[in-house]
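Taking it in order: structure first as structure tokens, then the write-up.
Just so it is clear: chains get the letters A, B, ... in the order the sequence lines come, proteins before strands, and each one is counted from 1.
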Amino acid sequence: MTVDKKIIMQTKDLTIRFGGLVAVNNFNMKIEEGELIGIIGPNGAGKTTIFNMITGVYVPTSGSVDLEGKSIVGQHVSHITQKGIARTFQNIRLFKDLSVIDNIKLAAHYRTNYSLFDSIIRNKKFKNEEERIYNEAMEILKIFGLEKKSTLLAKNLPYGEQRRLEIARALATRPKLLLLDEPAAGMNPKETNDLTELIRWVRDHFKISILLIEHDMKLVMNVCERIYVVDHGEEIAMGLPKEIQNNKKVIEAYLGTSDEEAL
Amino acid sequence: MNIEYFSHLMIMSGIFIILAVSLNLINGICGELSLGHAGFWAIGAYVGGSYGVFYALPLPNFLNLAISCGLGFVAASLAGLIIGVPCLRLRGDYLAIATLGFGEIIRIIIMNMDVVGGPRGLTGIPKWSNLPLIYFFVVITIIFMANLVRGTHGRAIISIREDEIAADCMGIYTFKYKTLAFVLGAGFAGIAGALYAHYQEFISPNSFSFMWSVIILIMVILGGLGSITGSIVGAVILTILPELLRFMGETISEWRMLIYSVLLIVLMLLRPSGIFGKKEFNVLALFSKKEAQ
Ligand SMILES: Nc1ncnc2c1ncn2[C@@H]1O[C@H](COP(=O)(O)OP(=O)(O)OP(=O)(O)O)[C@@H](O)[C@H]1O
Ligand SMILES: [Mg+2]
């Protein structure tokens with residue numbers, strides 16, 4: 001007997017046009033509770049654009065994005081985050097000139113319960129809430145091994161730690177679905193291995209669904225339970241890592257471009 | 001230097017500290033470009049001044065001054081809301097263009113308002129401001145700003161300057177916080193206006209020309225965009241500098257703007273982020289250096 005798991009997020013015929021270019025065309029995907037899914041595809045395939053539509057950064061030309069069965073198309077990015085979708089960026093977008101801990105504290109902003117007035121007069125309510133935010137932030141930093149660097153400016157972290165901080169910051173918004181845009185980009189093999197473990201652990205520990213874009217095939221094949229392959233804005237294949245590895249269309253798409261990572 | 005002249009410089013420094021610190025909230029802490037700060041200053045001055053001339057209640061001076069500042073704050077922040085909301089919804093430099101126009105429009109509106117004296121200016125404003133009262137408001141302003149940036153609302157405002165898209169993605173409704181920064185910045189300029197009106201006893205539209213918006217902006221940049229301490233230092237330097245130049249003779253004084261420009265260019269070459277950068281001078285940090293290590 002198989003019980004269908006709850007669908008966390010679903011896109012229906014997601015399409016976006018930039019002038020004459022159809023960057024994503026009728027893209028359909030489904031993510032169930034606790035799933036760890038990958039999106040792969042050659043450069044310029046439209047992967048990041050899909051993330052931008054799911055998170056509300058771009059409004060799709062047509063089609064819809066449903067979060068737990070309700071459409072979120074057209075809602076402001078910040079409201080979509082508050083409803084449970086968090087992300088990282090292909091080119092790290094930390095608050096560079098802020099401390100590591102302030103980066104995390106900002107993710108708790110929308111769950112903070114004191115008014116502007118409380119913060120100006122620094123009353124008990126303010127202090128209690130700030131203490132809670134601080135403790136929560138330190139807890140997350142500990143998980144990511146960054147607690148000793150909490151007062152450093154984000155820009156002064158080494159590259160690999162900046163990537164980890166960005167994931168930590170996204171998790172601190174308490175998402176149901178986490179989107180990771182090429183989390184291993186620029187990492188060395190050891191860092192990539194650690195990251196693979198971390199991604200799995202995060203999914204199990206926080207009991208969330210994860211959708212990741214990645215060019216590192218080893219990581220994708222290792223960690224993802226299902227993979228969507230996009231080329232020229234369209235889905236060309238979907239399935240288990242093994243199925244994808246042997247899919248003709250996928251091999252063609254990769255060999256047809258100058259992408260070095262042949263499957 | 002006689003005591004009266006010294007006290008005048010202190011008072012003008014205080015007024016410009018409020019103006020610079022409030023503009024710093026918009027331009028430095030939030031990272032939006034506003035070019036019409038003198039306009040909000042003018043609104044505060046005219047609203048506060050009008051209260052003094054036409055509606056003053058039989059209250060002690062300090063209470064009347066507080067009411068006047070309150071009215072200046074409300075009027076200027078309302079103006080800020082009206083300009084800010086449409087501009088801040090859009091990404092880009094709409095705010096810079098709109099505030100640039102706003103500063104001049106306010107001046108032209110006042111020129112054509114006979115009730116407040118039109119181009120002749122508003123006279124007979126009761127002298128409610130004095131040195132201690134002005135510094136009371138200066139201290140309030142500084143404490144307000146310093147506490148603001150150490151709370152979640154202030155952090156949200158700073159995150160907009162750092163990376164607006166990332167801030168959105170953290171669940172921060174950035175439009176709301178851009179508006180908050182702009183409206184508060186405008187409001188505090190309104191307080192500076194009321195204090196100024198009740199010190200000078202006379203104000204005219206030309207007291208608030210575009211040049212003043214530029215000078216306040218230079219104060220902020222000189223001190224370091226984003227640094228409250230920097231804005232304070234910048235305000236004091238640029239209030240006292242022209243007086244020093246005046247001592248050197250009429251001609252040098254006329255070259256004031258040129259001297260500012262040179263000063264700014266030299267600063268940008270030596271310290272591109274201003275005297276303080278984004279840093280704050282923290283008295284407590286001096287005593288707890290070891291702890292910080
Ligand atoms: N804002 C935009 N305006 C115009 N074109 C855009 C915009 N954003 C993306 N595109 C175009 O859409 C296409 C897909 O881009 P996207 O960034 O989604 O690719 P990708 O799959 O993430 O590639 P990569 O692996 O290089 O990150 C590209 O041709 C890109 O130039
Ligand atoms: Mg991409």
Worksheet, complete the sentence: Whatever's closer than 4.5 Å to a heavy atom in chain A on B/Leu184 counts as side chain
Worksheet item: Where does B/Ala167 contact chain A at under 4.5 Å (heavy atoms): side chain, backbone, both or neither?
Response: both
Counting heavy-atom pairs under 4.5 Å with chain B, which one of [options] comes out on top?
options: A/Ser115, A/Ala170, A/Gly56, A/Ala172; result: A/Ser115
options: A/Lys83, A/Glu130, A/His79; result: A/Glu130
options: A/Glu129, A/Arg87, A/Arg93; result: A/Arg93
options: A/Val77, A/Ile121, A/Ile120; result: A/Ile120
options: A/Lys96, A/Gln82, A/Arg169, A/His109; result: A/His109

Using only atom types and a distance under 3.5 Å, with no angle test, would you say the side chain of [X] pairs donor to acceptor with the backbone of [Y]?
X: A/Thr173; Y: B/Met170; value: no
X: B/Glu162; Y: A/Leu94; value: no
X: B/Tyr173; Y: A/His76; value: no

[X] versus chain B, heavy atoms under 4.5 Å apart: side chain, backbone, both or neither?
X: A/Thr88; result: neither
X: A/Tyr114; result: both
X: A/Arg111; result: neither
X: A/Ile80; result: neither
X: A/Phe126; result: side chain
X: A/Ala86; result: neither

Worksheet item: Given side chains that start at C-beta, do those of B/Arg150 and A/Arg122 come closer than 4.5 Å, heavy atoms only?
Response: yes
Worksheet item: Can you find a heavy atom in the side chain of B/Leu180 that is under 4.5 Å from one in the side chain of A/Leu116?
Response: yes
Practice prompt. Please name the residue in the list A/Asn103, A/Ile133, A/Leu98 that meets the side-chain contact (heavy atoms from CB on, under 4.5 Å) test with B/Arg155.
Written response: A/Ile133
Worksheet, complete the sentence: Tested for side-chain contact (heavy atoms from CB on, under 4.5 Å) against B/Thr152, the lone hit among A/Leu106, A/Asn113, A/Thr112 is A/Thr112
Worksheet item: Is the number of heavy atoms from other residues, nucleotides or ligands under 6.0 Å of A/Phe117 CZ greater than 12?
Response: no
Worksheet item: For B/Phe136, does the CZ atom sit with more than 12 other heavy atoms under 6.0 Å from it, leaving out its own atoms?
Response: no
Output the distance between atom [atom1] ([X]) and atom [atom2] ([Y]), rounded to the nearest 0.5 Å.
X: B/Asn147; Y: A/Asp118; atom1: CG; atom2: CG; result: 12.0 Å
X: A/Ile92; Y: B/Asp163; atom1: CD1; atom2: CG; result: 12.0 Å
X: B/Ile172; Y: A/Thr81; atom1: CD1; atom2: OG1; result: 9.5 Å

Worksheet entry | Best-contacting candidate, B/Ala146, B/Gly154, B/Ser159, B/Ala156, against chain A by heavy atom pairs under 4.5 angstrom | B/Ser159
Worksheet item: Can you name the closest pair of heavy atoms from B/His153 and A/Ser119 and give their distance?
Response: ND1-OG, 4.2 Å
Worksheet item: If every non-hydrogen atom of B/Gly171 is compared with every non-hydrogen atom of A/Tyr110, which pair is closest and at what distance?
Response: O-CB, 3.6 Å
